[in-house]
Structures are given as C-alpha cells and as structure tokens.
Amino acid sequence: MDNPFMARAIQISLDNVLSGRGGPFGAVVVKNGSIVAEGVNCVTTANDPTAHAEVVAIRGACAKLGVFLLDGCEIYTSCEPCPMCLGAIYWAHLSRVYFGNLAADASEIGFDDSFIYHQFTQPFPQRSIPMIQMMHEQALAAFRAWQEKPNKVLY
C-alpha cells in the first residue's frame with residue numbers, strides 16, 4: 001500500500017544517507033492529514049546519541065504545536081522504533097505508529113538493539129552497565145513533594 005507520509009519518511013531517510021549527514025532513518029509526525037514535523041537520524045552530526053529520527057520528529061512536533069503530548073498525531077517512520085524511540089512515542093501519547101523496515105533489517109546493517117531488550121531482563125548489578133540504587137529514602141523526597149503539589153501538570 002502506497003502512503004505519502006511513509007514515502008516521505010523513507011525519502012528523507014535515503015536523503016540523509018546520500019547527503020552524508022547521518023544514518024538511514026527518517027520519521028514524520030502527522031496531524032489531521034498534514035505533516036507537522038520531520039526528523040532524520042543525526043546522532044553523529046549533532047553528537048547526540050538520542051537524536052534518532054523519531055525523537056527529532058517528536059521534539060519538532062511538540063515545539064511546533066506548543067504541547068508535550070501528541071495525542072491525535074501519528075508517526076510514520078522508516079524503521080521499527082528502537083526501545084528509546086518506542087519509549088518516546090509512548091510518552092508523547094502518539095495515536096499510531098506506522099513503520100517500514102523491521103528491527104531485524106536494521107540489525108543486518110549494524111543497528112542492533114536486541115542487546116538493550118536483553119538488558120531489561122537482567123538484575124541491576126548484572127547489566128553490562130551496572131545499575132546501583134543508592135539514597136532511596138532521600139530521593140523519595142522529590143516524589144513526596146510532587147504527590148502533595150496541588151497544581152501539578154500531569155503527563
């Protein structure tokens with residue numbers, strides 16, 4: 001099935017590679033049948049490991065619309081989102097995700113995120129980057145203050 005929004009996500013992913021600016025990933029956020037924002041992978045050009053196409057597109061859409069939730073918007077991405085991007089998609093409350101390539105396709109060209117999924121299942125100390133909890137009781141102070149705050153903005 002041809003779709004102009006997916007075609008755009010794929011085209012900007014290809015353009016990104018051919019221009020030498022970044023990796024082979026592109027994404028567009030759509031609201032009411034119009035593109036609100038586009039994003040391409042610019043991890044290496046921005047020196048930002050979080051600058052994946054989906055995250056860049058989400059940031060652009062939020063800025064353009066002046067909101068932090070994108071409910072009512074859809075994202076079209078050239079590849080199945082990685083764990084970080086999927087988390088951002090859920091936090092942004094996007095209504096639907098359309099994708100082109102599979103994570104397995106990305107893995108075949110060196111973008112393998114399966115190790116991250118594996119890390120989630122490991123106890124904190126056994127992860128490849130050990131995670132050590134500390135000062136739990138002190139850290140709870142901010143959570144208690146948030147819980148008691150009457151005018152908080154929920155998200």
Applying salt bridge (Lys or Arg N to Asp or Glu O under 4.0 Å), can you list everything that pairs with [X], at least two apart in sequence or on another chain?
X	result
Glu38	Arg8
Asp15	none
Glu137	Arg144

Taking the hydrophobic residues Ile, Leu, Val, Met, Phe, Trp and Tyr, and joining any pair whose side-chain heavy atoms are under 4.5 Å apart, which ones share a cluster with [X]?
X	answer
Phe25	Ile109, Phe111
Leu14	Leu18
Ile116	Phe115, Tyr117, Phe120

Is the side chain of Ser78 donor-acceptor paired with the backbone N or O of Gly26 at a distance under 3.5 Å, no angle test?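 At least one qualifying donor-acceptor pair exists.
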Between Asn41 (side chain) and Ala53 (backbone), is there a donor-acceptor pair under 3.5 Å?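 Such a contact is absent between Asn41 side chain and Ala53 backbone.
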With sequence neighbours left out, which residue pairs that include part of residues 62-72 fulfil the side-chain hydrogen bond (donor to acceptor under 3.5 Å, both in side chains) condition?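 Sorted result for residues 62-72: empty, none.
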Interatomic spacing from CG in Asn3 to CD1 in Ile10 - rounded to 0.5 Å: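 So the gap between those two atoms works out to 9.0 Å.
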Heavy-atom distance under 4.5 Å between the side chains of [X] and [Y], does that happen here?
X	Y	answer
Val56	Val40	no
Leu70	Ile75	no
Phe68	Val153	yes

Among residues at least two apart in sequence or on other chains, which ones pass side chain to side chain contact (heavy atoms under 4.5 Å, CB included) with [X]?
X	value
Gln126	Gln122, Pro123
Met84	Thr50, His52, Val55, Cys82
Tyr98	Met6, Glu74, Tyr76, Arg96
Ala57	Ala27, Val29

Applying salt bridge (charged side-chain N to carboxylate O under 4.0 Å, His left out) as the test, list every pair that has at least one member in residues 145-155; sequence neighbours left out.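 Checked against salt bridge (charged side-chain N to carboxylate O under 4.0 Å, His left out) - neighbours excluded - no pair reaches residues 145-155.
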Any chance CD of Gln147 has more than 12 other-residue heavy atoms, nucleotides or ligands included, within less than 6.0 Å?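 It does not: Gln147 CD has 12 such atoms or fewer within range.
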